[in-house]
There are 2 protein chains.
Amino acid sequence: MALDNPTTQAVVTTADKVFDQMLHAIVEGTIKAGSKISEPELAKHYQISRSTLREALNRLEKCHLIERKANVGSRVVECSIAGLLEIYIVREALEGMACRQAAHNMTDDEIIEMKAMLAQHANSKALRDGVSYYQEEGDLDFHYKVILGSHNQQLINILCGQLYHLVRMYRCQFGMNSPRATKAFDEHSRIIDAIADRDGELAEMLMRRHIAASRKNIENKISQQL
Amino acid sequence: MALDNPTTQAVVTTADKVFDQMLHAIVEGTIKAGSKISEPELAKHYQISRSTLREALNRLEKCHLIERKANVGSRVVECSIAGLLEIYIVREALEGMACRQAAHNMTDDEIIEMKAMLAQHANSKALRDGVSYYQEEGDLDFHYKVILGSHNQQLINILCGQLYHLVRMYRCQFGMNSPRATKAFDEHSRIIDAIADRDGELAEMLMRRHIAASRKNIENKISQQL
DNA sequence: CTAATTAATATTGTCGACAATATTTAGGTT
DNA sequence: AACCTAAATATTGTCGACAATATTAATTAG
């Protein structure tokens with residue numbers, strides 16, 4: 001899968017595998033949002049002991065994909081509009097800062113690599129045809145690279161390690177294919193330019209606007225539906 | 001304890017208690033930073049089974065206080081200057097945004113309560129005498145209130161749930177009592193004013209400067225020591 | 001028939017033992 | 001003596017069973 005998380009270490013233990021499977025299942029909605037998680041049932045389903053399952057559940061909790069109450073159990077998080085907007089607020093702050101840091105800390109090679117990636121996106125059939133590819137994988141790839149470029153392990157952990165699974169979940173469940181594809185591409189280009197110029201202040205501002213625009217796009221859609 | 005985390009739910013299970021004890025031990029350095037964690041040894045020390053201990057370890061990992069490698073074990077995180085600066089970068093971004101949100105979302109009552117808290121800090125003996133109290137608990141209390149005032153659950157979780165334990169750990173281990181006490185107090189006052197004026201943009205800017213000033217203060221200290 | 005109380009059931013929390021993997025120690029070869 | 005190899009040891013991962021708590025069902029009083 002194209003946007004495999006560079007921060008996720010190699011999957012070795014069975015708890016890792018089950019975590020991976022459940023991650024996909026939750027993100028894609030196979031395990032429904034808001035549903036209660038039955039440990040005995042899932043343990044039987046994955047053919048593992050409850051201890052191992054609970055280990056996997058702990059990692060899902062780290063990604064904020066499930067919530068646990070003592071002596072009661074776990075539930076998959078709900079996907080609400082309010083929750084989505086909350087995430088966008090966090091992303092605006094963190095990715096904005098990541099972008100500023102990337103402008104300071106990215107190596108020249110990393111910048112070259114990023115430009116190459118964007119050029120590839122520009123040529124990609126999917127972008128010309130429609131919105132699908134770029135919106136999904138390409139967009140996430142771009143944001144990933146910027147975050148990694150910050151060279152700030154805390155930022156990387158929070159954004160790539162936990163928040164992005166939630167972002168993907170929302171994208172899957174709400175089926176986001178907004179008409180911002182080409183516009184977003186242009187914004188990405190300008191962001192890279194700012195990073196290449198080592199202009200952290202501008203880079204942060206552009207990234208924040210970029211994310212805020214997506215958020216407002218959603219807010220508009222919602223208000224229209226009412 | 002004055003700055004008990006409002007997001008931490010009631011401690012009911014034994015794993016919770018052990019988590020709490022280990023949390024304090026790590027923050028205060030009783031369990032040394034960078035040290036390896038022996039599951040059999042600690043399980044014996046706390047008189048619990050390894051399963052329960054591992055449950056506690058999982059929560060510590062969620063706070064980024066320990067790091068685990070598959071089939072190898074857990075280590076307490078190291079406290080490096082670089083790591084501290086990374087955290088300040090994240091705080092600047094997230095608390096800045098939290099402050100902006102607080103300006104939008106805090107209730108009038110919450111703002112009144114905050115002003116009262118600050119007035120109390122101004123009168124507090126500790127502030128007049130020295131730097132100790134305000135730097136430690138008062139400062140954290142202030143930041144907590146702002147974060148909670150954002151009414152953004154994601155922000156609250158990340159900042160209060162995980163990042164602040166690390167911040168406290170650094171404060172304990174590096175023994176931070178900078179000469180910024182009265183200056184910081186003034187900055188807090190202006191931030192609250194901005195929130196009361198519902199000026200989110202200014203509130204964010206002031207909070208970011210406030211945190212950036214702390215970071216630069218540390219950077220200066222370090223460069224002097226070299 | 002409704003509501004509260006209690007009994008029955010199911011689920012989560014905790015435990016100790018075994019299996020798989022890593023680390024250390026001992027031994028042998030160059 | 002240094003280095004690689006292999007046995008021994010210790011540590012982590014996984015399992016199934018029991019205890020504690022919550023949820024549901026049954027029973028009884030009003």
Side-chain angles (χ1 to χ4, degrees), chain A residues 7-26 30-78 161, chain B residues 7-26 30-78 161:
Chain A
T7 60
T8 47
Q9 52 217 0
V11 176
V12 281
T13 179
T14 54
D16 283 321
K17 291 173 201 158
V18 174
F19 165 73
D20 250 38
Q21 293 183 50
M22 290 190 70
L23 180 65
H24 282 85
I26 291 175
T30 311
I31 300 179
K32 289 200 191 76
S35 66
K36 170 121 177 33
I37 285 180
S38 162
E39 293 184 6
E41 185 187 323
L42 277 179
K44 204 175 75 179
H45 178 259
Y46 288 110
Q47 305 270 44
I48 56 176
S49 80
R50 261 184 63 225
S51 320
T52 306
L53 178 73
R54 282 162 69 88
E55 182 68 39
L57 292 183
N58 268 315
R59 304 196 196 166
L60 291 170
E61 200 186 357
K62 270 172 219 159
C63 308
H64 300 257
L65 289 175
I66 70 173
E67 287 165 349
R68 257 175 75 191
K69 270 190 219 165
N71 290 316
V72 173
S74 313
R75 300 197 85 88
V76 181
V77 295
E78 294 274 6
Chain B
T7 60
T8 47
Q9 52 218 357
V11 177
V12 281
T13 178
T14 57
D16 283 320
K17 291 174 201 158
V18 174
F19 164 73
D20 251 38
Q21 293 183 51
M22 291 191 69
L23 180 64
H24 283 85
I26 291 175
T30 312
I31 300 178
K32 288 200 191 75
S35 66
K36 171 117 174 38
I37 285 180
S38 162
E39 293 185 6
E41 184 187 322
L42 277 179
K44 202 174 74 178
H45 178 259
Y46 288 111
Q47 305 270 43
I48 57 176
S49 79
R50 263 185 61 226
S51 320
T52 306
L53 178 73
R54 281 163 69 89
E55 182 68 38
L57 292 182
N58 268 315
R59 302 195 199 168
L60 290 171
E61 200 185 357
K62 270 172 219 161
C63 307
H64 300 257
L65 289 176
I66 69 173
E67 287 165 348
R68 257 175 75 191
K69 270 190 219 165
N71 289 317
V72 173
S74 313
R75 299 196 85 88
V76 181
V77 295
E78 294 273 7

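Protein chains get the first letters and strands the later ones, always in sequence-line order, with residue 1 at the start of each.
Between A:Gln21 atom CD and A:Ile31 atom CD1 the span is 9.5 Å, to the nearest 0.5 Å. From A:Asn58, atom CG reaches atom CZ of A:Arg68 across 5.0 Å, with rounding to the nearest 0.5 Å. Taking CG of B:Leu53 as the reference point, atom CD1 of B:Ile37 lies at 8.0 Å (rounded to 0.5 Å). The NZ atom of B:Lys36 sits 10.0 Å away from the CD1 atom of B:Ile66 when rounded to the nearest 0.5 Å.
One can place NZ of B:Lys44 at 20 Å from C1' of C:dT14, the figure rounded to the nearest angstrom. Regarding A:Asp16, its CG atom lies at a distance of 16 Å from the P atom of D:dT12, rounded to whole Å. For the pair A:Tyr46 OH and D:dC15 P, the interatomic distance rounds to 15 Å; values are reported in whole Å. When the C1' atom of D:dC15 is taken as reference, atom CD of A:Gln47 falls 14 Å away, rounded to whole Å. Between the P atom of D:dG13 and the CD atom of B:Glu39 lies a distance of 6 Å, rounded to the nearest Å.
Taking side-chain N and O atoms only, A:Lys36 has a distance below 4.0 Å to OP1 or OP2 of C:dT12. Here A:Thr52 does not reach the OP1 or OP2 of D:dG13: none of its side-chain N or O atoms lies under 4.0 Å away. Considering only side-chain N and O atoms, A:Thr14 lies nowhere under 4.0 angstrom from the phosphate OP1 or OP2 of D:dG13.
Nearest nucleotide to the side chain of B:Val72, out of D:dT14, C:dT12, C:dA22: C:dA22.
The main-chain N or O of B:Glu67 is never found under 3.5 Å from a side-chain atom of B:Arg75 such that the two would form a donor-acceptor pair.
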Where do N or O atoms of nucleotides 16-21 of chain C meet protein N or O atoms at under 3.5 Å, pair by pair?
unit_1, atom_1, unit_2, atom_2, d
C:dG16, O6, B:Ser51, OG, 3.4

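Considering only heavy atoms from C-beta on, A:Arg59 stays 4.5 Å or farther from A:Leu23 through its side chain.
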